[in-house]
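Proteins get letters first, then strands, A, B, ... in listed order; numbering begins at 1 in each. No hydrogens, no waters, no symmetry mates; every other heavy atom, side chains included, goes into these values.
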Amino acid sequence: MASDQLIEQSNCALAFSDIDIQIPSDLVFERVVRESAVFVAKYLGFDEERVGDLQLAVSEAVTNAIEHGNNSDINIKVGVKFYIRAERLAVKVTDQGHWVEAAHTVERANDDIDMETRLEHDMTRGMGIFLIERLVDNLDVKSSSTGTEFTMWFNLHKGSEPNDPVSFNIELQKADQHLN
Amino acid sequence: MASDQLIEQSNCALAFSDIDIQIPSDLVFERVVRESAVFVAKYLGFDEERVGDLQLAVSEAVTNAIEHGNNSDINIKVGVKFYIRAERLAVKVTDQGHWVEAAHTVERANDDIDMETRLEHDMTRGMGIFLIERLVDNLDVKSSSTGTEFTMWFNLHKGSEPNDPVSFNIELQKADQHLN
Amino acid sequence: MTLKVEQGNAFTIIHIQNDSVDATSAKEIAGIKDRMNQTTIMDFGPVMFINSAGISALLKLVIEARKQGKKLYAVNVTAHHRKVFEMVDMLRYMPIAKMEDLMPLISA
Amino acid sequence: MTLKVEQGNAFTIIHIQNDSVDATSAKEIAGIKDRMNQTTIMDFGPVMFINSAGISALLKLVIEARKQGKKLYAVNVTAHHRKVFEMVDMLRYMPIAKMEDLMPLISA
Ligand SMILES: Nc1ncnc2c1ncn2[C@@H]1O[C@H](COP(=O)(O)OP(=O)(O)O)[C@@H](O)[C@H]1O
Ligand SMILES: Nc1ncnc2c1ncn2[C@@H]1O[C@H](COP(=O)(O)OP(=O)(O)O)[C@@H](O)[C@H]1O
């Protein structure tokens, strides 16, 4: 099937209703979501490279939600929703934690990764967000007392520069703002 | 990893919390669930043949929920839940329809499939339930005004005769029983 | 494309290109029924998954082959799919064969 | 098993057996650090997926190789994984090579 046809088809099925996956907060289940992402990307007619980009971005976001959001507590879930709005595929990853800004690990979109410093200080983590920013077309993070919503957007029709770093819109509400 | 270890592990992660998937009622999305079933089966250390059995049974049940339960209405969802209870993997498939008994298509577990009659009458459908009964260790169907719950059970530790036809426990409530 | 069709004088080989013979590939498979030949071989080479929607499409070919007095064979079938075909009594109508053994039929 | 290790006099070839280099295979990969050799080759042959948890494990090997003055190479890397390695500036520390080109190093 031509990819245009697939996108057409998707506007029927995905635009009205979403795919929703809930997994226990254990890293082994990250793979279920990652494979589903591949299916959705292929269904939408993404080319091989974009399929890989989407798969990796979803994997990173789900890993973070399991580890940082839910502290790997298998009694609570990480949710993932795939849906289409305004010519874009959205992947919304939700957890029940609070966003933790970690200035020394989060590499901002306009910085290059300074591998030399990393290697000197044995810093082998902190590349997830850095990669996500380079793989998605847009990114939104909302965090409040009810948890974190991490939403990644992928254009259905390839536009402008692919894989340009995106701006990272983050909206953090103080936990107590909602609590009382 | 040895399969015992995997089952051990599963008792930690899957026993406390479930994997939940909701798809729009369109057959293209059946595949997402089918692939997730493969992941779960491998994670539980099922051998190759049982992985195939589980994958096929899940595919058939989800196909039925989409087509017969939800009439392929993409605005409503089919739900699939994987969980472990009492040394068994359960796969519960839910839709929002009513179970429709179709005596001429449902082949009962103790009947053999009469292919000759089928071919004479161009009956190429109606093999899903027949197959499921031969692939799972147990089967429960509950249907009421709120929808149908179709639950398949797979023993974690291979017991007795594998792939023996199972009894089909079906519990149908009259739709109006709940409505007023 | 789900299928690649190889046509000879008295044979047709249908190479399934998909990894799944399911609802999404069923229509194209059933549609092959007008291109069958005296000996028709379904090559399941890359097929990793078959469900009853796929079997239903295959049965349409079986029915048509009977009507037209043609012979259907399946090659490159996995152990699991052989088991499923046995369950639904498919093998009587579409026996599993080895490609080598069919060579005399297609080179005749 | 995730890894198969081939040891020579002055070389080690680490064949990754998994299709994923991710959190679940990270520990075993990082654990290989005591078995590196003057020339250490990571063979990504069957690897279909790499994420930052996997890269993190690979970086542990890179750091250790530097400390020990050893040289790491990657072979059989897909185009997508090359792109990801480039993004995180990995290629400076673990260049991608062709197995044929490394033969002089390991047969010496
Ligand atoms: N879902 C989340 N909830 C809370 N904090 C998060 C979440 N995702 C990312 N973070 C924060 O962003 C940081 C950077 O994440 P990342 O780049 O993926 O690296 P790493 O996970 O290796 O620390 C994390 O260390 C954490 O502080
Ligand atoms: N989820 C469901 N909701 C309502 N009826 C169902 C459902 N699943 C199966 N059935 C009934 O059982 C029959 C047999 O199903 P199956 O053996 O899978 O064959 P087919 O789907 O080809 O008809 C269906 O035709 C339908 O009447």
### Task
Assess the side chains of R34(A) and S20(D): does a donor N or O sit below 3.5 Å from an acceptor N or O?
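Yes, side-chain donor-acceptor contact under 3.5 Å.
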### Task
Would you mind checking which part of E30(A) comes under 4.5 Å of any heavy atom in chain D, side chain (CB onward), backbone (N, CA, C, O), both or neither?
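Side chain only.
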### Task
Would you mind checking which part of Q55(A) comes under 4.5 Å of any heavy atom in chain D, side chain (CB onward), backbone (N, CA, C, O), both or neither?
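Q55(A) touches chain D through backbone and side-chain heavy atoms alike.
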4.5 Å side-chain heavy-atom contact, [X] and [Y]:
X      : Y       : answer
V62(D) : M115(A) : no
S59(A) : F49(D)  : yes
L59(D) : M127(A) : yes
H80(D) : D53(A)  : yes

#### Entry: Atom CD of E48(A): over 12 foreign heavy atoms under 6.0 Å
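No, because the 6.0 Å sphere around CD of E48(A) holds 12 heavy atoms or fewer from other groups.
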### Message
As an exercise: rank I55(D), N51(D), T78(D), L58(D) by heavy-atom pairs under 4.5 Å with chain A and give me the winner.
### Response
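Counting heavy-atom pairs under 4.5 Å, the top option is N51(D).
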### Among S52(D), A53(D), A57(D), A79(D), residue most engaged with chain A (heavy-atom pairs, under 4.5 Å)
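Of S52(D), A53(D), A57(D), A79(D), S52(D) has the most heavy-atom pairs under 4.5 Å with chain A.
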### Message
I'd like to know whether M87(D) forms a side-chain contact (heavy atoms from CB on, under 4.5 Å) with L135(A), so could you lay out the CA-CA distance, the side-chain angles of the two residues, the decisive distance to 0.1 Å, and finally the verdict.
### Response
CA-CA 10 Å; M87(D) 281 181 181; L135(A) 298 167; 3.8 Å; yes
### Query
Roughly how far apart are E64(D) CD and L119(A) CG, rounded to 0.5 Å?
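Atom-to-atom, E64(D):CD and L119(A):CG are 12.0 Å apart.
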### Message
Counting only non-hydrogen atoms closer than 4.5 Å, does I50(D) touch chain A with its backbone (N, CA, C, O), its side chain (CB onward), both, or neither?
### Response
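Looking at I50(D), just its backbone touches chain A.
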### Query
Hey, is E49(A) close enough to R82(D) for a salt bridge, meaning N to O under 4.0 Å?
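The answer is no: the pair does not qualify as a salt bridge.
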### Query
Do NZ/NE/NH1/NH2 and the carboxylate oxygens of R118(A) and D89(D) come within less than 4.0 Å?
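Salt bridge between R118(A) and D89(D), a charged N being under 4.0 Å from a carboxylate O: no.
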